[in-house]
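Since the structure comes first, as structure tokens, the remarks are kept for the end.
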Amino acid sequence: MKKIVILISGRGSNMEAIVRAGFPAEIVAVISNRADAAGLRFAAQAGIATRVVDERTFPAREAFEDALADAMEKCSPDLVALAGFMRVLGAGFVRRYSGRMINIHPSLLPAFPGLHTHRRALQEGVKLHGCTVHFVTPEVDHGPIIIQAAVPVRAGDSEAALAARVLQQEHRVYPRAIRWFVEDRLVVENGLVRVNAAGANQSVLAEND
Ligand code: GRF
């Protein structure tokens, strides 16, 4: 059975969606870089081992990443899932987990990498927004795309309303991507991801009316 480690920084609703999805895999630990991450409570209540590697207690990024890698290695993960993990990881760290670390980002990449994606989408007037699950590569928010979900942007949308609409889809597609991974169905060729499963849908369109 494959082992999954989930990294969070806050609320942890994606982690919760992954846990609730119930895979043929073992979620061996939920690790946070912040002691006050609300999601830790849910994980502990679900009987999952939790760990805090508090970034503020380390003098430099290297020391933090060494401690994080140490905590992760103790779990021997087959897959590391970043779920609202709000910390950019260095290239060395990322390469070490190449092909077995994935992330969810709240935009239709390559549009709007980085922060404040919903605000920027509204400012640009895009009519479709969404989320992306992708393999993590050293270039932030740029790795091979596993699945995307698109939602309509509605006239008069607030940042919060749009974020909530996207989050609903995040909770749909992240568990799906992880299932494909644990079932060994993801094939990456020339930076493109295909799913080796009949009828697999890598492009989700949320209803528009
Ligand atoms: C999500 O929108 C995720 O895409 C982004 O940060 C948010 C985290 O939410 N990276 P949660 O902690 O999973 O509830």
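Counting starts at 1 for both ligands and their atoms, in listed order.
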(message) Please report whether ligand 1 has a polar contact with Ala83, defined as an N or O pair separated by less than 3.5 Å (distance criterion only).
(response) no
(request) May I ask you to identify the nearest protein heavy atom to atom 9 (O) of ligand 1, giving residue, atom name and distance to one decimal place in Å? (result) Arg11 NH2, 3.0 Å
(request) Could you find the nearest protein heavy atom to atom 11 (P) of ligand 1 and give me its residue, atom name and distance? (result) Ser13 N, 3.4 Å
(request) Just jot down the ligand 1 atoms closer than 4.0 angstrom to any heavy atom of Gly84, in number order. (result) 6 (O), 8 (C), 10 (N)
(message) I need the single residue from Asp157, Leu162, Leu128 that forms a side chain to side chain contact (heavy atoms under 4.5 Å, CB included) with Val151. Which is it?
(response) Leu162
(message) Using side-chain heavy atoms (C-beta onward) and a distance below 4.5 Å, is Val173 in contact with Cys131?
(response) yes
(request) May I ask you to check whether over 12 heavy atoms, not counting those of Glu183, lie within 6.0 Å of atom CD? (result) yes
(message) Within the structure, is a non-hydrogen atom of Ile104 found at a distance of less than 4.0 Å from ligand 1?
(response) yes
(request) Examine distances only and state if a side-chain atom of Glu170 and a backbone atom of Pro106 form a donor-acceptor pair shorter than 3.5 Å. (result) no
(message) Within ligand 1, which atoms have a heavy atom of Glu170 less than 4.0 Å away?
(response) 1 (C), 2 (O), 3 (C), 4 (O)
(request) State, yes or no, whether a side-chain contact exists between Leu108 and His129 at a heavy-atom distance under 4.5 Å. (result) no
(message) I'd like to check whether His105 has a polar contact with ligand 1, where a contact means an N/O of the residue lying under 3.5 Å from an N/O of the ligand.
(response) no
(request) With sequence neighbours excluded, give me every ring-ring contact (aromatic ring centres under 6.0 Å, His included) pair touching residues 152-187. (result) none
(request) Determine whether any heavy atom of Gly12 lies closer than 4.0 Å to an atom of ligand 1. (result) yes
